[in-house]
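See structure below.
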Protein chains: 2
Amino acid sequence: MEDHPQSTLVDVAREAGVSRATVDRVINGRPNVKAKTVAKVRDAMARLHYRPDPLAAGLARRSRHRFCFVLPTGTNAFMQDLATQIATMGDWLARNRAFVDRVEVDVFDPQALATALDELPRAYDGVAVVALDDPLVRASIDRLVADDVPVVTLISDVPASRRLRFVGIDNSAAGRTAAMLLGRFLAGQKGAVGVLVGSLSLRDHMERCFGFSQLLGREFPGLRILPVVEMRDDRDLAETAVRDLLKAHSDLVALYNAGAGNQGVAAALKAARKTPRLVFVAHELTALSRELLLAGVADAVIAQNPGHEARSAARLLLSRGLDEAIIAEQERIRIDIFLRENLP
Amino acid sequence: MEDHPQSTLVDVAREAGVSRATVDRVINGRPNVKAKTVAKVRDAMARLHYRPDPLAAGLARRSRHRFCFVLPTGTNAFMQDLATQIATMGDWLARNRAFVDRVEVDVFDPQALATALDELPRAYDGVAVVALDDPLVRASIDRLVADDVPVVTLISDVPASRRLRFVGIDNSAAGRTAAMLLGRFLAGQKGAVGVLVGSLSLRDHMERCFGFSQLLGREFPGLRILPVVEMRDDRDLAETAVRDLLKAHSDLVALYNAGAGNQGVAAALKAARKTPRLVFVAHELTALSRELLLAGVADAVIAQNPGHEARSAARLLLSRGLDEAIIAEQERIRIDIFLRENLP
DNA sequence: CTGAAAGCGCTTACAG
DNA sequence: CTGAAAGCGCTTACAG
């Protein structure tokens, strides 16, 4: 059992022959200390292997962290899950003197999102936003950052903005993953593949499509990708879209839904009663997609973990406020693949 | 922007008309307080929405947490990764006044592991152990727990023991997942399937085999599972095993390695140059398995995240020491599926 | 059964 | 440029 002796700031002060206030100045890089004194203190710190206690510092500073999470309105199951996860981490955050507010905005309206961001009190110590890649939104994010409010983008990125970081998955890779599974599950079958998205002006949906087409085209030449259908993540529009695809293409063998609205897709597939079943790959683990997987309607679900993403966003903002290092590996959001067998 | 006013213990003392020491007694359930006083304090706490500050409490208590992680010796890449991840969280732990030591033992020797556990200083505030499901080991774990040292099992469980919790994946489900992927990738092809493990007396390997056979037998009747080969996670033994399988079964179409030693499997597959390629599913994401995936030698890798597991074990032990709640969802270890396309 | 006082390791005015 | 003193929110002996 190893020893872990901790020397304190007082020990360093004594060793260096200065006061605690001076040691504090050196540790925190505050001004007005003679270079010679700085050196003395640094030496003492090194000799004693001093490691400051950030918890005590936080207490003395009475520091609090207020964060704001900006989420899209609506009943999308994934976003609801995300909201729940944010609420769930409240206790943990409170223990770290951190608090999060939530704001909801229409995700399909860049102007509304930009305004919401502009109206955010600059007293916030950090903002996490499910963004829209739009010049207006980008400008609003940059204004926040200019006002010294760190911003992380969540789920959907605005790469050109000055956000601290993007918390989400590589959506092109997610699309490629979907294509690989779908292609291999079809195993040589030839035919048409339908692709649905909420909107091609949503960066994440667009990137999934891109990755999907890219890989399918390269690896599975027997499969023909049909023109992408936008259905605004609406289950009725999705249902109609799938019905139309089935009607128009008798050789339809598979479906990839890069957006929400799986309820509609499932309804159309059920009504069609095609044999052999179409291969169907969807996104996000929800009560519904889980059911579809168990029922054998969906073959695979590509997912990201909203709990992980919420905590990661909070940790990043917190680490910024506390000036602490992060564990990079912990903040990498993975592309999850779920089959019926590895459902959590 | 919401307000988050915090009342302190002093506020509660004033409101209840008692001293801080008494409030402290009530908060922490210490004895020697009149029921009436307890009630007064409770009321005041409720009125002020008082929430104790665990960081300040930790400071005043000068509490430190010493944990010990007991890992298998050897050069197994996954275990090395686990060791690295444990080291990586040192900084974060230190900030929380926690420290971890590491002990290494031969994983194939129950007696050695039991002795190592018995010899662990009872001053530890928690132990995480990559266990062996053996009566000797179980008894040693139970002795630790009896001595008031909480234990979590890591990666491989001892379900009958009194361990606080198991940090790892559901290995039967992992085996089923492997079977599902392998079966679907074969897509109707008939033939023999080879299965390798390190040892059937390792609970995790055994459970993977079990899940694998169960699902393959049920869902893919065209595939014939060959008798399981034990190769002690040794690359040379693994290579020989695969060579033998290839020689003995001309209809071998797929391979599942539930253990380590993928290097040997890959070498044998390479030497055989069979067309069409065998479908090969392996476990754990390592430098090698990643390469095999990229090279198209392995079709899928079933994995667990050692960084997540190390942090989860530490969080569980820490939450025990601090008497704090955990976020259950965060401590669930997922069965990861990696294809070439979603490699991190 | 209860409280006054000192202290945990650091920071913050304030004085010089 | 530097230090003495008070304080962050809680706990710990000790006294009564």
Side-chain angles (χ1 to χ4, degrees), chain A residues 4-45 48-65 94-99 321-324, chain B residues 4-45 48-65 94-99 321-324:
Chain A
H4 303 283
Q6 292 288 86
S7 53
T8 72
L9 185 146
V10 180
D11 300 325
V12 175
R14 193 185 312 113
E15 175 85 7
V18 300
S19 75
R20 294 142 68 179
T22 298
V23 177
D24 172 75
R25 291 184 182 104
V26 174
I27 291 172
N28 296 292
R30 297 187 227 281
N32 300 331
V33 191
K34 255 201 312 200
K36 215 165 178 175
T37 312
V38 172
K40 265 199 309 193
V41 173
R42 286 256 157 76
D43 283 0
M45 281 171 41
L48 300 181
H49 298 103
Y50 173 69
R51 314 201 0 116
D53 182 333
L55 269 45
L59 179 58
R61 279 187 194 131
R62 260 170 295 152
S63 63
R64 309 204 167 268
H65 314 269
R95 265 182 257 133
N96 290 280
R97 303 156 199 281
F99 310 89
L322 298 168
D323 195 29
E324 276 174 5
Chain B
H4 304 283
Q6 292 287 85
S7 53
T8 72
L9 186 144
V10 180
D11 301 325
V12 175
R14 192 185 312 111
E15 175 85 7
V18 300
S19 75
R20 295 142 68 179
T22 297
V23 176
D24 172 75
R25 291 184 182 104
V26 173
I27 291 170
N28 296 291
R30 296 186 229 282
N32 300 332
V33 191
K34 254 201 311 199
K36 213 161 179 178
T37 312
V38 172
K40 266 200 309 194
V41 173
R42 288 255 158 77
D43 282 1
M45 283 171 40
L48 301 181
H49 299 103
Y50 173 69
R51 312 198 5 113
D53 182 333
L55 270 44
L59 178 58
R61 280 188 193 128
R62 259 171 294 152
S63 63
R64 310 205 164 267
H65 313 269
R95 267 182 255 134
N96 289 280
R97 303 156 203 282
F99 310 90
L322 298 168
D323 197 28
E324 277 173 4

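Quick note on labels: first sequence line is chain A, next is B, and so on, each numbered from 1.
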Rounding to a whole Å, what distance do you find between [X]:[atom1] and [N]:[atom2]?
| X | N | atom1 | atom2 | answer |
| --- | --- | --- | --- | --- |
| A:Asn32 | C:dC14 | CG | C1' | 14 Å |
| A:Leu59 | C:dG7 | CG | C1' | 13 Å |
| B:Arg14 | C:dT2 | CZ | C1' | 19 Å |
| A:Arg97 | C:dT11 | CZ | C1' | 13 Å |
| B:Lys40 | C:dT2 | NZ | C1' | 10 Å |
| A:Met45 | C:dG9 | CE | C1' | 14 Å |
| A:Leu9 | C:dT12 | CG | P | 12 Å |
| A:Arg25 | D:dT2 | CZ | P | 8 Å |

Base, sugar-phosphate, or nothing: which does [X] touch, judged by heavy atoms less than 4.0 Å apart?
| X | value |
| --- | --- |
| A:Ala21 | base |
| B:Asp53 | sugar-phosphate |
| A:Val23 | nothing |
| B:Pro52 | sugar-phosphate |

Residue [X], side-chain atoms from C-beta onward, closest of [options]:
| X | options | answer |
| --- | --- | --- |
| A:Arg61 | D:dT11, C:dT12, C:dT2 | C:dT12 |
| B:Ala57 | D:dT11, C:dG3, C:dC1 | D:dT11 |
| A:Ser19 | D:dC1, C:dC1, D:dG3 | D:dG3 |
| B:Lys34 | C:dC8, C:dT11, C:dC1 | C:dC1 |
| B:Asp24 | D:dT11, C:dT2, D:dT2 | D:dT11 |
| A:Thr8 | C:dT12, D:dT2, C:dG9 | C:dG9 |

Atom CZ of B:Arg30: over 12 foreign heavy atoms under 6.0 Å
yes
Take atom CZ of A:Arg42 as the centre, draw a 6.0 Å sphere, and report whether it contains more than 12 heavy atoms from other residues, nucleotides or ligands.
no
Salt bridge flag under 4.0 Å for residues B:Lys40 and B:Asp43:
no
Need the pair for C:dG3. Rule: Watson-Crick or G-U wobble, both distances under 3.5 Å, any strand; none if unpaired.
D:dC14
Nearest-nucleotide 5' precedence on DNA chain C, B:Arg62 against B:Val33:
B:Val33
Nearest heavy atom decides the nucleotide; on that basis, is B:Val38 or A:Arg51 closer to the 5' end of DNA chain C?
B:Val38
Side-chain heavy atoms of B:Arg97 within contact of B:Leu59, under 4.5 Å:
yes
[X] side chain N/O closer than 4.0 Å to the phosphate oxygens (OP1, OP2) of [N]?
| X | N | value |
| --- | --- | --- |
| B:Thr37 | C:dT2 | yes |
| A:Arg30 | C:dT12 | yes |
| B:Thr22 | C:dG3 | yes |
| B:Asn28 | D:dT11 | yes |

Could you report the tightest heavy-atom contact between B:Leu9 and B:Ile27, atom names first, then the distance?
CD1-CD1, 3.8 Å
A:Thr8 side, atom OG1; A:Arg14 side, atom CZ - distance, nearest 0.5 Å
7.0 Å
